[in-house]
Amino acid sequence: MTMKRALAISSTYIVASSVCPASAFSQSRLLRTDGALFKVSSGDSYCRLERLANDEPGRRKRSLALASSIFGEESRSSKNSETAPSTPSKSKTTLAAVASDALDGTSDGSRGLVAGYADVASAALLITGNTVGASMMVLPSVAAGPGMIPSAGLFLGLYAVNLISGLLLAEVAIEQKEMTGVDAPSSFKQFAAHNLGCESTARFVSAVSIFVNSCILTFDLTRAGQFASARLPEALGAGSVECTAALATGLVALVATQTDRSLSRFASVTVGVLFVSFAGFLLPGLASMDPSAALLAPGSAGDDGASDVIGSLSTAAPVFLTTMVYQNIVPSVTKILDYDRTKTTFAIIAGSFLPLVMYLAFCYAALGGGLDVSSAGSGPLFAAFAAASLAGSAVASLMSLAEEYGNNLPLASEDGAEILKSGKGQDQESTKGKVASLPSVVLAGLLPMCACLALANGGEPTAALSTAGSYGSPLLYGVLPVAMVWNQRRDRARTAQDGYTRDEGDLVPGGASSLVLLGAGALLFVLQNIERDIGGVLAAIGMS
């Protein structure tokens with residue numbers, strides 16, 4: 001290494017330490033020197049230097065070793081000086097530690113590997129738990145229309161579409177953290193506002209999110225009321241309307257009086273009961289079913305051949321899409337995995353694949369005669385599964401709705417709005433011990449309660465899931481990720497023209513072609529459903 005090269009590397013680390021002031025917030029800056037690009041990230045107790053451009057591995061190690069020796073000597077000398085400022089000393093010591101870890105990081109590699117696998121598994125299970133919910137109970141009846149084999153093909157296609165959407169959202173969250181140092185918020189409104197830079201678009205995203213969660217909560221309450229009325233003694237005279245109203249009132253009271261920490265524990269219990277009970281009734285059902293009846297049955301849509309299959313698949317697609325949505329949890333997953341691209345990719349692939357297997361096995365056992373999934377004929381394990389899934393899904397949906405209402409409407413109390421508001425980079429852990437405002441919870445439950453009361457007497461709750469999957473989910477998880485990624489990649493291309501390049505590639509290959517396919521497909525899906533619903537309304541009133 002030449003003296004000029006050594007001085008250049010040393011100056012890089014000295015400049016990096018000078019741009020890392022002690023701060024209560026995470027910051028990220030780009031530093032270019034000696035033909036290489038560095039990213040300097042700093043916070044209240046750390047300063048991290050990361051080389052972004054390609055470099056020869058051996059030369060990089062020698063550079064880090066040189067920096068370690070330089071800063072190691074300076075940090076030791078600063079400890080012996082009573083007048084030395086504390087902040088630069090801390091930054092230089094941290095940089096020396098980073099350089100040392102780069103050289104000696106393999107000493108505990110096995111421990112880090114195990115911890116990495118555990119983190120990925122935990123994040124994957126978080127995605128699975130967020131995906132599987134009460135809507136799963138209607139899948140066998142919906143899949144009976146086209147039949148098992150066409151339904152399985154539709155499930156696989158939607159899995160691929162949702163996987164692309166989830167990876168695009170993960171790419172947005174990771175790019176946001178790398179380029180600005182700002183953590184991805186859990187609210188899609190704030191997520192869109194930060195990456196699209198348009199407050200009107202963010203409000204529209206929030207409105208679509210409210211629409212989707214309202215539809216899901218409507219299904220949960222309607223299904224819960226019907227399920228409860230079928231199991232209560234007839235002497236009580238409690239019909240589905242009375243049960244639905246009572247359950248909705250109790251749900252609002254629960255969410256409005258309990259802290260986020262208590263509600264999270266309640267949700268964890270329901271997820272545990274859901275998985276245990278599901279395994280308990282599925283395994284015996286698979287053992288007693290007729291495989292040929294499940295695989296070779298033509299479906300119940302009709303006898304007109306391919307046209308009926310296509311029509312029944314078109315009807316089933318919005319419901320299947322709603323049951324497979326998990327993308328709302330992706331920003332939180334990237335944060336849990338420290339915005340690591342490889343870990344996040346594996347967690348999304350595995351976490352979304354497990355619900356697919358569960359759904360296919362459930363439909364396979366039910367269509368093959370191994371399971372009776374009706375409310376009247378189900379056993380205690382299925383009853384426990386239904387109760388746990390309905391309770392967990394309803395609580396989660398109402399909490400999400402209350403957060404969106406609290407962020408958008410001034411009717412929420414000042415304290416409640418402060419609790420529900422999550423600013424850019426704010427740590428969500430600070431809100432877990434607080435209670436949401438009563439006005440936001442009441443407003444969140446009002447519209448779904450009115451809708452489910454209208455569906456309680458003979459209505460089909462699956463219509464609420466179909467509505468969410470026809471319009472809300474394609475816009476929220478199809479068009480929105482494409483718009484945010486397109487905007488980020490355009491900004492990245494502009495930065496590359498100035499000489500700032502990075503090694504990390506896109507999580508979804510295909511460049512602009514994959515974005516166009518997903519965005520155009522989502523819009524065409526919405527337009528097709530609009531045409532179908534308008535045609536149905538016209539036919540109902542005798543105008544078609």
Side-chain angles (χ1 to χ4, degrees), residues 122-123 125-136 185-190 206 209-210 212-221 223-224 228 244 246-277 325-326 328-333 335-336 384-409 412-413 415-422 426-449 452:
S122 177
L125 290 177
L126 178 62
I127 294 175
T128 300
N130 188 75
T131 307
V132 179
S135 56
M136 180 179 178
S186 59
S187 171
F188 259 55
K189 176 188 175 183
Q190 295 169 358
S206 180
S209 178
I210 290 175
V212 171
N213 282 295
S214 296
C215 290
I216 294 175
L217 184 56
T218 299
F219 168 82
D220 293 337
L221 293 175
R223 187 78 176 184
T244 301
L247 291 172
T249 304
L251 177 66
V252 170
L254 176 68
V255 176
T257 57
Q258 299 300 309
T259 64
D260 286 350
R261 186 182 300 275
S262 299
L263 294 174
S264 297
R265 292 173 180 171
F266 175 80
S268 300
V269 172
T270 59
V271 170
V273 174
L274 185 152
F275 281 104
V276 171
S277 58
V325 163
Y326 60 87
N328 59 308
I329 202 69
V330 167
S332 299
V333 168
K335 184 177 181 180
I336 292 172
F385 165 78
S389 60
L390 287 169
S393 178
V395 169
S397 298
L398 186 57
M399 290 176 65
S400 298
L401 283 170
E403 180 180 1
E404 294 293 345
Y405 277 106
N407 287 334
N408 288 279
L409 297 181
S413 65
D415 292 339
E418 186 66 26
I419 292 170
L420 291 172
K421 182 172 61 178
S422 56
Q426 180 181 358
D427 188 359
Q428 299 296 321
E429 294 294 326
S430 61
T431 67
K432 282 192 174 182
K434 298 182 180 180
V435 181
S437 65
L438 180 61
S440 63
V441 178
V442 172
L443 288 173
L446 184 60
L447 181 60
M449 184 183 298
C452 66

So do the side chains of [X] and [Y] get within less than 4.5 Å of each other, counting heavy atoms only?
| X | Y | value |
| --- | --- | --- |
| Ser135 | Ile216 | no |
| Met399 | Leu263 | yes |
| Gln258 | Phe266 | no |
| Thr257 | Val435 | no |
| Val276 | Phe385 | no |
| Leu126 | Val333 | yes |
| Leu217 | Leu251 | yes |

List the atom of [X], the atom of [Y], and the distance in Å for their closest heavy-atom pair.
| X | Y | result |
| --- | --- | --- |
| Val441 | Val252 | CG1-O, 3.7 Å |
| Pro185 | Pro331 | O-CB, 3.8 Å |
| Ala402 | Ala444 | N-CB, 3.7 Å |
| Ser277 | Val273 | OG-O, 2.7 Å |
| Thr270 | Gly392 | OG1-CA, 3.7 Å |
| Ser397 | Asp220 | OG-OD2, 4.0 Å |

Pairwise distance [atom1]([X]) to [atom2]([Y]) - rounded to 0.5 angstrom:
| X | Y | atom1 | atom2 | result |
| --- | --- | --- | --- | --- |
| Leu401 | Ser214 | CG | OG | 4.5 Å |
| Asn130 | Leu125 | CG | CG | 12.5 Å |
| Met136 | Ser389 | CE | OG | 9.0 Å |
| Thr244 | Leu247 | OG1 | CG | 6.5 Å |
| Thr249 | Leu254 | OG1 | CG | 12.5 Å |
| Asn213 | Ile210 | CG | CD1 | 8.5 Å |

- prompt: Under 3.5 Å, side chain of Ser393 to main-chain N/O of Leu390, donor-acceptor pair present?
  reply: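 The answer is no, because no donor-acceptor pair under 3.5 Å joins these two groups.
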query: Going through the checks in order, is the side chain to side chain donor-acceptor pair (under 3.5 Å) test met by Thr259 and Ser262?
result: CA-CA 5 Å; Thr259 64; Ser262 299; 3.1 Å; yes
- prompt: Looking just at side-chain N and O atoms, do Ser437 and Ser440 make a donor-acceptor pair shorter than 3.5 Å?
  reply: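 Ser437 vs Ser440: donor-acceptor pair found between side chains.
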